[in-house]
Enquirer: 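Below you'll find the structure I mean.
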Amino acid sequence: MKIEKINRIAGLFVVISSFMAAQRPMSLSDCEEAFRNNNLQVLAEQYNINIADADILQSKIWELPQLSGQINAYNPEGKKAFDVGHAKGAQVTQLIYMGGKKKNEIAFAKSNKELAQLQFSQLLVDLRTQLHTAYFNLYYENLKLDNTNKQLRYMNDLLNAYRIQSAKGNVSLKDEVRLQSIVIQLNNDKLGINKNILEQQRNLKVLTGITEDIEPRLSDNEAKELLASQPFGDDEELKRKALENNADYQYYLKLIDNSKLYAQWQKSLNVPDLNVGAGWDQNGGTFKNEVNLMVGIPLPLWKANQGNVEKANYSIQQNQKNAEYQKLSLETQVEAAFKTWKNQYDQLMEIKTTDLDNLDLVYNGMLKNFRNGNVNLIEFVDFMESYRQTALQIYDMKNEVIQSAEELNQLVQTKIFY
């Protein structure tokens with residue numbers, strides 16, 4: 001029997017050790033580094049900038065020169081086929097772009113690269129916000145789980161004791177049911193918390209490329225500093241900074257310039273290009289071995305690209321309206337996010353540190369008094385139900401303050417908290 005007990009204990013330690021080994025303690029900066037190195041979305045999006053570079057390179061390349069030639073197929077005078085010795089010629093031509101076509105095409109391609117860079121910047125901001133959101137959600141869900149497990153351990157022991165006493169007839173079944181109700185509620189809380197933890201772990205694994213479960217490494221002091229930090233300035237100042245730094249809004253402003261460059265390029269395509277070349281003819285011209293200069297140009301009887309020019313002009317107007325909408329949307333989002341943060345921050349700050357300390361102090365005192373018989377079961381159960389809800393709400397309030405601050409960071413996209 002002793003050997004079996006030792007084996008069970010050893011097996012339990014193996015399970016606990018393997019679980020702990022699967023957890024990787026990581027600070028937020030560690031997660032950000034893994035995100036930069038491993039995130040597949042970021043790595044894939046970077047190729048769009050490389051593609052834009054390739055488009056710039058392509059826009060600088062001219063059409064290849066054209067080489068053509070002719071030989072005699074049939075000489076009617078000599079009645080000879082393929083009389084190459086007496087009749088042949090060759091020409092070389094080159095297309096010369098007029099109206100600044102190449103310059104405009106290159107400028108448009110460079111503008112496309114700037115758009116790709118802004119899209120990449122916005123993706124980084126969005127994904128980094130997702131990373132921070134998942135990290136802090138996991139941190140507070142872990143705290144909620146620890147607190148719930150602490151209550152469960154005591155309540156399960158208490159319920160087991162009451163079951164024994166109820167079976168002996170020393171306590172009523174009604175008291176046992178009251179305790180059972182608290183245990184069921186706590187287990188239901190634990191089930192929801194574990195579900196949230198699994199979801200946040202999944203998000204962090206996708207974002208960081210790390211296969212192990214991540215354990216947030218955040219000290220109590222660091223968490224308190226995050227909660228106490230406040231943004232520079234009021235909502236008007238934050239709006240101004242957002243308009244200056246938000247990559248998504250800057251993208252729409254740049255899109256106006258991009259559409260103007262495209263329109264300019266399309267207009268230049270209406271300008272006829274030159275075909276310049278030289279030709280040699282052995283016997284078919286006025287002179288033998290004649291060398292000629294050749295120039296060709298389309299007759300500009302109508303504007304061959306007028307439809308594309310009109311489309312480009314409409315695109316300018318469309319992008320201007322989109323930019324106006326994005327400005328209004330960004331300003332209202334910043335205002336709403338700031339008010340949300342302010343309301344949540346003020347609500348949390350109303351709860352003093354002493355109040356939080358008193359909550360744990362009362363909890364421990366209630367457990368002690370109940371054991372000593374100074375508190376009856378109904379009072380104890382009422383307190384435990386109240387404590388259970390309050391503890392979860394406080395963790396949620398703290399998390400919401402940080403999450404609303406992260407939303408402000410995502411919108412303003414510059415350092416605003418100190």
Enquirer: With no hydrogens and no angle check, do the side chains of Asp281 and Asn292 hold a donor and an acceptor under 3.5 Å apart?
Expert: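 No - no donor-acceptor pair under 3.5 Å links their side chains.
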Enquirer: If you measure from CD1 on Ile106 to CD1 on Ile56, what distance do you get to the nearest 0.5 Å?
Expert: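 It is 9.5 Å, given to the nearest 0.5 Å.
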Enquirer: For the backbone of Asp382 and the side chain of Ser386, can you confirm whether one donor and one acceptor N or O come within less than 3.5 Å of each other?
Expert: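 No.
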Enquirer: May I ask you to say whether Asp146 pairs ionically with Lys150, meaning some side-chain N is under 4.0 Å from a carboxylate O?
Expert: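 A salt bridge is absent here (no side-chain N lies under 4.0 Å from a carboxylate O).
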Enquirer: Starting from the C-alpha separation in whole Å, work towards a yes-or-no answer on side chain to side chain contact (heavy atoms under 4.5 Å, CB included) for Tyr363 and Met384.
Expert: CA-CA 8 Å; Tyr363 172 79; Met384 289 300 295; 3.8 Å; yes
Enquirer: In terms of relative ring orientation, are Phe417 and Trp341 parallel, tilted or perpendicular, with 30° and 60° separating the classes?
Expert: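 Phe417 vs Trp341 ring planes: perpendicular.
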Enquirer: Quiz question: by atom type and distance under 3.5 Å, do the side chains of Gln389 and Glu385 form a donor-acceptor pair?
Expert: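 Per modelled atom types, Gln389 and Glu385 side chains form a pair under 3.5 Å.
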Enquirer: Hey, are Gln403 and Asn399 close enough side-chain-wise for a donor-acceptor pair under 3.5 Å?
Expert: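 Yes, Gln403 and Asn399 have a side-chain donor paired with an acceptor closer than 3.5 Å.
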Enquirer: Give the intermediate values and the outcome of side-chain hydrogen bond (donor to acceptor under 3.5 Å, both in side chains) for residues Tyr251 and Gln122.
Expert: CA-CA 9 Å; Tyr251 174 86; Gln122 185 61 40; over 6 Å; no
Enquirer: Compute whether any side-chain donor of one residue and acceptor of the other, for Gln151 and Asn147, lie under 3.5 angstrom apart.
Expert: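 Indeed, the side chains of Gln151 and Asn147 share at least one donor-acceptor pair under 3.5 Å.
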Enquirer: What verdict does the side-chain hydrogen bond (donor to acceptor under 3.5 Å, both in side chains) test give for Gln70 and Gln91, after you've listed the backbone C-alpha separation in whole Å, the side-chain angles of each residue and the deciding distance to 0.1 Å?
Expert: CA-CA 9 Å; Gln70 78 271 1; Gln91 296 87 33; 3.2 Å; yes
Enquirer: Distance check, rounded to the nearest 0.5 Å: Glu105 atom CD versus Lys110 atom NZ?
Expert: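 Between atom CD of Glu105 and atom NZ of Lys110 there are 12.5 Å.
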Enquirer: Determine which pairs satisfy side-chain hydrogen bond (donor to acceptor under 3.5 Å, both in side chains) with at least one residue from residues 181-195, sequence neighbours left out, and list them in order.
Expert: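 Sorted pair list: Asn149-Lys190, Asp189-Arg388.
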Enquirer: For the CD atom of Glu379 and the CG atom of Asn369, what is their distance to the nearest 0.5 Å?
Expert: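 If we round to the nearest 0.5 Å, Glu379:CD and Asn369:CG are 10.0 Å apart.
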Enquirer: Go through it in stages, so that I can follow the logic: the residues are Gln333 and Ser329, the test is side-chain hydrogen bond (donor to acceptor under 3.5 Å, both in side chains), and I'd like the CA-CA distance, side-chain angles, deciding distance and then a yes or no.
Expert: CA-CA 6 Å; Gln333 287 182 71; Ser329 176; 3.0 Å; yes
Enquirer: Check whether any side-chain N or O of Asn39 sits under 3.5 Å from a backbone N or O of Leu207 as a donor-acceptor pair, and report yes or no.
Expert: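 Looks like yes, one N/O pair under 3.5 Å.
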Enquirer: I'd like to know if the side chain of Lys102 reaches the main chain of Ile61, judged simply by a donor and an acceptor atom lying under 3.5 Å from each other, with no hydrogens or angles considered.
Expert: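 At least one qualifying donor-acceptor pair exists.
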Enquirer: Filter on salt bridge (charged side-chain N to carboxylate O under 4.0 Å, His left out), then keep only pairs touching residues 115-144, sequence neighbours left out; what's left?
Expert: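 Output for this query lists Glu141-Lys144, Lys144-Asp396.
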Enquirer: Mind checking what makes salt bridge (charged side-chain N to carboxylate O under 4.0 Å, His left out) contact with Glu114, not counting sequence neighbours?
Expert: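 Per chain and number, Glu114 pairs via salt bridge (charged side-chain N to carboxylate O under 4.0 Å, His left out) with Lys254.
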Enquirer: Run the side-chain hydrogen bond (donor to acceptor under 3.5 Å, both in side chains) check on Asn308 and Asn305 step by step: do they pass?
Expert: CA-CA 6 Å; Asn308 288 333; Asn305 203 44; 2.8 Å; yes
Enquirer: Keeping to residues at least two apart or across chains, list the side-chain hydrogen bond (donor to acceptor under 3.5 Å, both in side chains) pairs with something in residues 52-63.
Expert: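 Sorted result for residues 52-63: Asp53-Lys113.
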Enquirer: Quick check: does any side chain N or O of Asn156 sit under 3.5 Å from a backbone N or O of Leu152, one acting as donor and the other as acceptor?
Expert: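 A pair under 3.5 Å: yes.
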Enquirer: Tell me yes or no: between the side chains of Asn137 and Asn196, is some donor less than 3.5 Å from an acceptor?
Expert: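 The criterion, which ignores hydrogens and geometry beyond distance, is not satisfied for Asn196 and Asn137.
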Enquirer: To the nearest 0.5 Å, how far apart are CG in Leu198 and CG in Asp213?
Expert: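 Interatomic distance, Leu198 CG to Asp213 CG, rounded to 0.5 Å: 8.0 Å.
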Enquirer: Strictly distance-based, threshold 3.5 Å: is any side-chain N or O of Asn104 a donor or acceptor partner for the main-chain N or O of Gly100?
Expert: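 Yes, Asn104 side chain to Gly100 backbone: donor-acceptor pair under 3.5 Å.
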Enquirer: Got a donor-acceptor contact below 3.5 angstrom from the Gln326 side chain to the Lys321 backbone?
Expert: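 Checking the backbone N and O of Lys321 against the side chain of Gln326, no donor-acceptor pair under 3.5 Å is found.
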Enquirer: Just wondering, more than 12 heavy atoms not from Lys327 lying within 6.0 Å of its NZ?
Expert: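 Incorrect, the count does not exceed 12.
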Enquirer: Under 6.0 Å from the CD atom of Gln94, do we count more than 12 heavy atoms belonging to anything else shown?
Expert: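 Enclosed.
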Enquirer: Would you kindly say whether Glu32 and His132 are connected by a side-chain donor-acceptor distance under 3.5 Å?
Expert: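 Short answer, yes.
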Enquirer: Between Gln306 and Asn270, is there a side-chain heavy-atom distance shorter than 4.5 Å?
Expert: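 Heavy-atom side-chain distance check passes, below 4.5 Å.
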Enquirer: Does Ala107 offer a backbone N or O that forms a donor-acceptor pair with the side chain of Ser111 under 3.5 Å?
Expert: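 Not a single qualifying donor-acceptor pair exists.
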Enquirer: Under 30°, 30 to 60°, or over 60°: which ring-plane class applies to Tyr262 and Trp265, parallel, tilted or perpendicular?
Expert: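 Rings of Tyr262 and Trp265: perpendicular, over 60°.
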Enquirer: Which pairs of donor and acceptor atoms, one on a side chain in residues 311-318, lie under 3.5 Å apart (sequence neighbours left out)?
Expert:
residue : atom : partner : partner atom : Å
Asn313  : ND2  : Val309  : O            : 3.4
Ser315  : OG   : Lys311  : O            : 3.1

Enquirer: In plain terms, say whether Arg24 and Glu215 are close enough for a salt bridge, that is, a side-chain N and a carboxylate O under 4.0 Å apart.
Expert: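 Salt bridge between Arg24 and Glu215, a charged N being under 4.0 Å from a carboxylate O: no.
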Enquirer: Just by distance, with hydrogens left out, do Glu400 and Ser404 show a side-chain donor and acceptor under 3.5 Å apart?
Expert: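 Distance-only check fails for Glu400 and Ser404.
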Enquirer: Between Lys239 and Glu236 (salt bridge meaning N to carboxylate O under 4.0 Å), is one present in this structure?
Expert: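 Counted as a salt bridge, because a side-chain N and a carboxylate O are separated by less than 4.0 Å.
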Enquirer: Using the salt bridge (charged side-chain N to carboxylate O under 4.0 Å, His left out) rule, collect all pairs that involve residues 265-279, keeping only residues at least two apart or in two chains.
Expert: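 For residues 265-279, and leaving out neighbouring residues, the salt bridge (charged side-chain N to carboxylate O under 4.0 Å, His left out) pairs sorted by first residue read Lys101-Asp273.
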Enquirer: Measure the spacing between NZ of Lys241 and NZ of Lys415 and express it to the nearest 0.5 Å.
Expert: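 Result: 10.0 Å between the selected atoms.
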Enquirer: Going by atom types only, do Thr93 and Asn275 share a side-chain donor-acceptor pair under 3.5 Å?
Expert: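 Asn275 and Thr93 do not have a side-chain donor-acceptor pair below 3.5 Å.
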